[in-house]
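Have a look at the structure below, then the notes.
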Amino acid sequence: MELKENGEFAYEYKLSGCQGIVEGTYSTSKNRIKFKNGFRYSKEYETFILDSLNNSSADTTSVDIGFPFIPDMSLTDWKISSNTITPIKKVDCGCFIEKSRHIKR
């Protein structure tokens, strides 16, 4: 987890073949952090891309492509400790569940 001073974050997860990155914004209140996925990592973006692919094709065949599972970081708050942050609830990364401490960088 990388927290930038300008209120942006980058969450990189990986376990064997299951890996990815989520970027977005965050806000803090007391000793909690709330994350919000950036547009590129949202269901709205997936819908936007699929619609534009379907609307731009010359024939009427629907494009059916798979998108990777992207964890929705807004579903849980994170607790701030001295030099770590920990999700209050489990974070579903698609092929594994994460609920451990993360070192702040």
Side-chain angles (χ1 to χ4, degrees):
M1 175 68 75
E2 181 182 1
L3 302 177
K4 301 175 184 174
E5 289 184 21
N6 63 358
E8 295 178 352
F9 77 90
Y11 180 65
E12 189 173 352
Y13 57 95
K14 54 182 133 183
L15 178 68
S16 188
C18 182
Q19 48 189 296
I21 189 167
V22 178
E23 296 176 325
T25 59
Y26 72 92
S27 60
T28 59
S29 176
K30 298 184 183 177
N31 68 337
R32 297 281 194 262
I33 297 179
K34 185 72 173 173
F35 294 100
K36 183 176 189 284
N37 288 20
F39 179 68
R40 185 170 168 228
Y41 303 94
S42 67
K43 286 291 183 191
E44 292 82 14
Y45 179 74
E46 181 180 323
T47 302
F48 169 76
I49 294 297
L50 288 174
D51 287 349
S52 64
L53 288 172
N54 286 328
N55 291 336
S56 67
S57 57
D59 59 24
T60 58
T61 307
S62 176
V63 176
D64 186 22
I65 59 173
F67 277 85
F69 181 88
I70 298 174
D72 185 348
M73 301 299 286
S74 68
L75 296 178
T76 187
D77 290 347
W78 292 54
K79 180 179 165 187
I80 302 171
S81 301
S82 58
N83 64 343
T84 62
I85 60 173
T86 308
I88 295 173
K89 296 186 308 188
K90 295 177 181 177
V91 176
D92 184 356
C93 291
C95 49
F96 65 95
I97 305 293
E98 180 64 61
K99 187 173 184 339
S100 59
R101 290 185 179 168
H102 293 67
I103 297 174
K104 292 187 293 186
R105 295 192 287 181

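Each residue takes its place number in the sequence, starting with 1.
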Is any side-chain heavy atom of K36 less than 4.5 Å from a side-chain heavy atom of M73?
-> no
Could you tell me whether the side chain of D72 reaches within less than 4.5 Å of the side chain of K43, counting heavy atoms only?
-> no
Do you know which two heavy atoms are closest between [X] and [Y], and how far apart they sit?
| X | Y | answer |
| --- | --- | --- |
| I70 | Y13 | CA-OH, 4.3 Å |
| M1 | I85 | CG-CD1, 3.6 Å |
| I88 | T76 | N-OG1, 3.8 Å |
| S74 | K34 | O-NZ, 2.8 Å |

Rounded to the nearest 0.5 Å, what's the gap from [atom1] on [X] to [atom2] on [Y]? Could you check?
| X | Y | atom1 | atom2 | value |
| --- | --- | --- | --- | --- |
| I80 | N83 | CD1 | CG | 12.0 Å |
| T84 | W78 | OG1 | CH2 | 10.5 Å |
| E12 | Q19 | CD | CD | 8.0 Å |
| K30 | K79 | NZ | NZ | 14.5 Å |

Take the angle between the ring planes of F35 and Y26 and call it parallel below 30°, perpendicular above 60°, tilted in between.
-> tilted
Examine F9 and I21 and state if one hydrophobic cluster contains both, with Ile, Leu, Val, Met, Phe, Trp and Tyr joined whenever side-chain heavy atoms are less than 4.5 Å apart.
-> yes
Is R40 atom CZ crowded by more than 12 heavy atoms from other residues, nucleotides or ligands, each under 6.0 Å away?
-> no
For F48, look at atom CZ and say whether over 12 heavy atoms of other residues, nucleotides or ligands are found less than 6.0 Å away.
-> no
S42 side chain to Y45 main-chain N or O, any donor-acceptor pair under 3.5 Å?
-> yes
